[in-house]
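First comes the structure, then the notes that go with it.
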Amino acid sequence: MASAGSTATAAGSGSGWSPSSWRSKPIKQCPEYPDEAALRRATAELNVLPPIVHPREINRLKQNLRDVARGDAFLLQGGDCAELFDYCRQDRIEAKIKLLLQMSLVLIWGANKRVVRIGRMAGQYAKPRSSPTEIVDGKEVPSFRGDILNGFNLEDRQLDPQRLVKAYNHSAATLNFIRASLSAGIADLHGPLNWSLGHVKDPELKAKYTKAVDFLRDMLRFMHTIGADKYSELATVDLFTSHEGLLLEYEESLTRLMEDPGQKPHIGKTGTTNGTSASTQQYYDTSAHFIWIGDRTRQIDGAHVEFFRGIANPIGIKVGPTTPSSDLLELLRTLNPDCEPGKITLITRYGASKVRELLPGHIRAVEGSEYKRCVIWQCDPMHGNTRSTGSGIKTRRFNDIFSELQQTLAIHQEEGSYLGGVHLELTGDAVTECLGGSEGLEEDDLSTNYTSFCDPRLNEKQALELAFLVADHFRKERSTEID
Ligand code: PEP
Ligand code: CO
């Protein structure tokens, strides 16, 4: 295993690339640590710690995402906007796993497809900010940039490099508990009724959910009768991890030249391996299975794109109103020159009032190119719909979120492309951060349980409602196919 910073060329890495080559490029959202030596000490610690995820798992996700790109599976990605170290607790992790599982059950029922699950979990600790400082009580203070950089409390706003090591530890502990819960059978499809609906009391939502569960239970009973339920895949499910790859010091330190023992040698576009021998070694960012480039850091000549072009992980790119179609193709050619299906997920986030105008052009540019049927189109109906109330509380209207998702589904249907996934900010807790939904939350209700330190999240009920929207769309589509 080569340490991060090695300049060896390996399969998967482009010419002149190394885990540290991003350092020679212009960078946005870059933290300026006051103590360089302390930063070096922290990254030196990370360099020798073991990978958080294994290349084998990363490649398993890649295979699953290939199925999504082909239209044979659906991708559900969700979790907090900003995960805090404090969220690394049994009840919070369990609530999120259960919610993602409930949503995926609804989606399996609706879409009649396998669902690939990725949590915005176990590492979503760095946040891009519009300004490095903010005014609190009339005083200018550094903005909160996520627990990996500084703390929310005013006395903790100085950047502290030891937080990089803390982020590693909290990611590893969170993922350890996710793995333990899954292997202990939290996701056992034979007991879907045990995926309790928590605090969801809404009778209509409960009835819909029960119908989906009954359907799945009947199907499993039938499979048991004919002896087709012996496969362990039915008893356990995967839950992969993801975060925005914003803090490149951290990502670089966890990027390792490694081999997936189950993989064939990587063959590039030219028909040869990129390395000097038929190598199966590639650079994997072992901080998470999937990482994405945010809306503010996707400059083609910038540091983030440079870093991402060399790693073998599947990656996401946020696409919004400020993305020209020509940039989109240039990004794809830079980040996925071999046109690997499912390697790139385009996470579109325009806002309910702009999606109709902007998405068709992006779809046509990509699907009319060599990347036809190669990318995953995923809808993030959250980030284009953030607004402030009159009293300055950051919120989102459930109807705007619903509307962007509904329009996105319709547009893909019209364009003959496949909406392969959704990307949501959600929590298993009963928060009151987004307005509306079947509970009809109003501005005055927001203060009841508003706990997000960053963007407003869907609560369990609102998140399930969105899953039903997608499920209903696919059920209608299938019934017209049958007619
Ligand atoms: C996010 O996903 O938390 C985020 C900051 O999104 P975007 O980059 O799309 O604004
Ligand atoms: Co957010």
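Start at 1 and go down the list; that is how both ligands and their atoms are numbered. Side chains are part of it too, since the values below use all heavy atoms of this structure and drop only hydrogens, waters and symmetry mates. Keep in mind that this is a model prediction, so the values were computed, not measured.
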>> How long is the straight-line distance from NZ of Lys28 back to OG1 of Thr297, given to the nearest 0.5 Å?
In response: 10.0 Å
> Is there side-chain contact between Pro314 and His289, with heavy atoms separated by less than 4.5 Å?
Replying inline: no
> Given side chains that start at C-beta, do those of Thr432 and Asn459 come closer than 4.5 Å, heavy atoms only?
Replying inline: no
> Does NZ or CZ of Arg475 fall inside the cone over Trp109's six-membered ring, less than 6.0 Å from its centre and within 45° of the axis?
Replying inline: yes
> Hey, which atoms in ligand 1 end up nearer than 4.0 Å to a heavy atom of Arg120?
Replying inline: 1 (C), 2 (O), 3 (O)
> Is His423 close to ligand 1, meaning an N/O of one under 3.5 Å from an N/O of the other?
Replying inline: no
> What protein heavy atom sits nearest atom 2 (O) of ligand 1, and how far away is it?
Replying inline: Lys318 NZ, 2.8 Å
> Are any of the side-chain heavy atoms of Leu458 and Met382 separated by less than 4.5 Å?
Replying inline: yes
> What is the name of the N/O/S atom in Glu425 that sits closest to the Co ion (ligand 2)?
Replying inline: OE2
> What atoms of ligand 1 come closer than 4.0 angstrom to any heavy atom of Gly294?
Replying inline: 8 (O)
>> So for ligand 1, is Arg296 a polar contact partner (N or O within less than 3.5 Å, distance only)?
In response: no
> Are the ring centres of Tyr250 and Tyr125 closer than 6.0 Å?
Replying inline: no
> Of all N/O/S atoms in Asp455, which lies nearest to the Co ion (ligand 2)?
Replying inline: OD2
> Which residue holds the protein heavy atom closest to atom 8 (O) of ligand 1, what is that atom called, and what is the gap in Å?
Replying inline: Asp295 N, 2.8 Å
> Considering only the protein, which heavy-atom contact is closest to atom 10 (O) of ligand 1, and what is its distance?
Replying inline: Arg349 NH2, 3.0 Å
>> So for ligand 1, is Asp380 a polar contact partner (N or O within less than 3.5 Å, distance only)?
In response: no
> Would you call the rings of Phe144 and Phe152 parallel, tilted or perpendicular if under 30° counts as parallel and over 60° as perpendicular?
Replying inline: perpendicular
> So, is Glu244 polar-close to ligand 1, with some N/O to N/O distance under 3.5 Å?
Replying inline: no
> Which of the atoms of ligand 1 are close to Lys127, meaning less than 4.0 Å from one of its heavy atoms?
Replying inline: 1 (C), 3 (O), 5 (C)
> Would one find an N or O of Asp455, backbone or side chain, under 3.5 Å from an N or O of ligand 1?
Replying inline: no
> For atom 5 (C) of ligand 1, which candidate among Gly79, Gly316, Pro128, Cys81 holds the nearest heavy atom?
Replying inline: Pro128
> So which of Arg457, Arg349, Arg120 actually passes salt bridge (charged side-chain N to carboxylate O under 4.0 Å, His left out) with Glu425?
Replying inline: Arg120
> For atom 1 (C) of ligand 1, what's the nearest protein heavy atom and its distance?
Replying inline: His383 NE2, 3.0 Å
>> Any N/O/S atom, side chain or main chain, of Cys454 closer to the Co ion (ligand 2) than 2.8 Å?
In response: no
> Is the closest side-chain heavy-atom distance between Asp429 and Thr451 below 4.5 Å?
Replying inline: no
> Any heavy atom of Met382 sitting closer than 4.0 Å to ligand 1?
Replying inline: no
> Got more than 12 heavy atoms from elsewhere within 6.0 Å of NZ, Lys113?
Replying inline: yes
